[in-house]
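First the structure, in the form of structure tokens, and then the observations on it.
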Amino acid sequence: MRKQLSRLPIRSRLAASVAIVVFVILGVVAVTVGTLTARRLRSDFDAQVTAQAFNISHLLHLDLRGGGGIGGLTNFASYASVTGAAARISTEDGTPQAATSGAPYLGNPLNPVSEINGYRVAAVNVGFGPGGGETVIVQYGLPVAPLAGEIANLELVLLLGVLIGTGLAFAAGAFVARRAIAPIAQLTAAAGEIERTRDPSHTLPEPIADDEVAELSRTLSGMLASLSEARSETESMLERQRAFVADASHELRTPLTSVLANLELLVDSVAGADRDVAESALRSTQRMRRLVGDLLLLARADAGHAPLRAPFDLADVVIEAASELEPSSRDHVLELDVVPTPVNGNRDDLQRVATNLIENALRHTPPGTHITASTRPLPDGSSELVVADDGPGIPPELRPELFARFVRGRGDRGGSFGLGLAIVAAVTQAHGGTVSVDDSPHGGARFTVRLPTPTAASVEKQTVSA
């Protein structure tokens with residue numbers, strides 16, 4: 001019972017608690033009143049029966065003294081004329097002397113008050129009979145059915161009163177509980193709006209009464225103010241970091257390009273050990289340039305910069321990406337299954353997506369793995385790019401963090417920076433698409449990129465902007 005009540009809303013619990021208390025109180029009162037009233041009714045009924053019996057015995061006594069005898073009892077039938085009443089006159093040993101019409105057996109005449117055959121019977125000793133014979137006793141009985149019906153009606157009224165009072169108490173408790181909890185409901189609605197908008201600058205309603213709910217509202221308002229201030233500080237710090245990364249990456253591109261050009265000339269002009277050193281420096285600089293490019297792309301995506309877009313064929317982008325990676329894919333079997341797939345977006349960024357997905361499959365699968373890159377338009381007008389392999393696959397527990405930044409696979413053999421899949425996710429989201437990973441039909445990993453197809457108006461707008 002307690003567990004069931006604990007699952008109810010607090011309004012229902014409060015109303016139920018009030019109703020239970022009122023039910024117990026009304027029940028105790030009803031039982032007490034019913035018991036006392038029924039006892040009083042029975043007492044009055046017994047007094048009425050006894051009074052009638054004494055009246056008959058008094059008249060009989062007068063007749064006996066006057067010599068009229070039992071048979072000459074004056075008005076004997078009138079005292080038994082009450083509806084359903086019965087009277088009997090008998091001697092002490094139970095020998096009947098007279099009775100009203102249809103009077104049943106009324107029990108032992110020596111019992112002063114008894115109940116038998118549905119009658120409440122009172123017996124009164126009149127005295128000696130005619131001629132000084134045996135003692136004469138008058139028995140008078142009334143049916144107890146009317147009394148029982150009256151007590152049953154009383155109990156029914158009391159029961160209905162308890163039930164109605166309990167129902168009214170529940171309704172009143174629910175009304176009062178709702179009024180009392182209304183400020184909390186307002187706080188809940190305001191908190192839900194803050195959760196939906198993720199804006200802690202919203203103000204919470206403060207109840208008029210200075211009670212615990214008002215204190216809770218003030219405490220939550222203070223907490224939200226602190227969170228809003230902390231959020232502003234965090235966003236400001238992150239914005240400065242993004243600006244720094246973007247500026248630093250942008251500024252580094254020019255000197256890195258110059259260093260690369262000089263190192264390429266140096267490699268061509270030296271030989272022997274010096275050439276090996278120059279080639280090593282050239283490879284490191286090339287990796288640095290890729291890292292700077294990755295950081296700049298992610299910084300722009302974080303800043304919400306929308307790249308210039310134009311319509312093109314996604315299949316051509318996948319072919320170009322596979323051509324660039326052909327020298328590093330000789331240990332694998334790279335297959336293309338592309339069909340014309342029109343999209344509207346930034347060609348360089350989406351080529352980067354295709355390159356990163358194919359390169360990721362090459363880097364994290366053993367030699368001999370079959371890798372398939374495919375494109376196709378979907379019936380709903382969107383476009384799909386899929387890169388799948390039959391390698392060892394990706395464990396399910398690693399998939400939630402797969403698109404995070406600087407996450408490297410344990411089988412990475414190419415010395416990546418851990419930004420490839422993060423760039424895939426950032427570019428896809430910037431184009432309004434989604435990227436997911438699951439198991440390929442051949443048992444390996446399958447990456448699926450879905451890009452929405454914009455309306456003709458948006459395509460024209462982006463083309464004009466370009």
Side-chain angles (χ1 to χ4, degrees), residues 26-165:
L26 292 180
V28 172
V29 172
V31 170
T32 303
V33 172
T35 301
L36 294 178
T37 304
R39 187 178 299 174
R40 178 61 181 272
L41 291 175
R42 291 190 180 94
S43 177
D44 292 344
F45 190 79
D46 289 345
Q48 179 183 357
V49 173
T50 303
Q52 291 289 357
F54 268 109
N55 286 338
I56 296 176
S57 67
H58 180 67
L59 293 177
L60 180 60
H61 182 70
L62 292 178
D63 283 347
L64 289 175
R65 290 183 61 186
I70 296 176
L73 177 62
T74 305
N75 297 327
F76 177 70
S78 65
Y79 280 91
S81 63
V82 181
T83 304
R88 297 179 68 90
I89 300 175
S90 61
T91 59
E92 188 177 12
D93 60 0
T95 303
Q97 301 296 318
T100 59
S101 177
Y105 175 67
L106 298 180
N108 190 348
L110 297 179
N111 295 330
V113 179
S114 61
E115 186 171 326
I116 188 172
N117 293 330
Y119 285 85
R120 191 68 173 171
V121 181
V124 178
N125 190 333
V126 178
F128 293 105
E134 295 183 354
T135 301
V136 177
I137 297 176
V138 174
Q139 290 179 296
Y140 182 85
L142 284 177
V144 296
L147 175 64
E150 189 174 355
I151 293 176
N153 292 334
L154 172 65
E155 293 175 346
L156 178 61
V157 170
L158 291 176
L159 177 61
L160 291 177
V162 171
L163 296 179
I164 294 174

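These numbers come from a predicted model, not from an experiment.
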Q: Identify the heavy atoms of Gln139 and Ser90 that sit nearest to each other, and give their distance.
A: OE1-OG, 4.2 Å
Q. Which pair of non-hydrogen atoms, one from Pro143 and one from Tyr119, has the smallest distance, and what is that distance?
A. N-CD2, 3.7 Å
Q | Residues in side-chain contact (heavy atoms from CB on, under 4.5 Å) contact with Leu158, at least two apart in sequence or another chain | A | Ala30, Val33, Leu154
Q. Taking only residues at least two apart or on different chains, which pairs with a member in residues 99-109 satisfy salt bridge (Lys or Arg N to Asp or Glu O under 4.0 Å)?
A. none
Q | Qualifying residues under side-chain contact (heavy atoms from CB on, under 4.5 Å), relative to Leu159, sequence neighbours excluded | A | Leu163
Q.
Is it the case that over 12 heavy atoms from other parts of the model lie below 6.0 angstrom from the CZ atom of Phe45?
A. yes
Q: Heavy atoms only: give me the nearest Val124-Ala53 pair and the separation to one decimal.
A: CG2-CB, 3.6 Å
Q.
Quick check: do Arg42 and Ile151 have side-chain heavy atoms less than 4.5 Å from each other?
A. yes
Q: Calculate, to the nearest 0.5 Å, the distance between atoms CG and OG1 belonging to Leu36 and Thr32 respectively.
A: 6.5 Å
Q: Could you list all the salt bridge (Lys or Arg N to Asp or Glu O under 4.0 Å) pairs where at least one residue sits in residues 96-109, not counting sequence neighbours?
A: none
(Q) Do Val113 and Val49 have side chains that approach each other closer than 4.5 Å (heavy atoms only, starting at C-beta)? (A) no
Q. How would you list all residue pairs meeting salt bridge (Lys or Arg N to Asp or Glu O under 4.0 Å) that involve residues 98-110, not counting sequence neighbours?
A. none
Q: Taking all non-hydrogen atoms of both residues into account, name the closest pair between Leu142 and Ala85 and its distance.
A: CD2-CB, 3.6 Å
Q | Any pair counted as salt bridge (Lys or Arg N to Asp or Glu O under 4.0 Å), so long as it reaches residues 44-55, sequence neighbours left out | A | Arg40-Asp44, Asp46-Arg120
(Q) Going by side-chain contact (heavy atoms from CB on, under 4.5 Å), name the residues that satisfy it together with Ser43, two or more places apart in sequence or in a different chain. (A) none
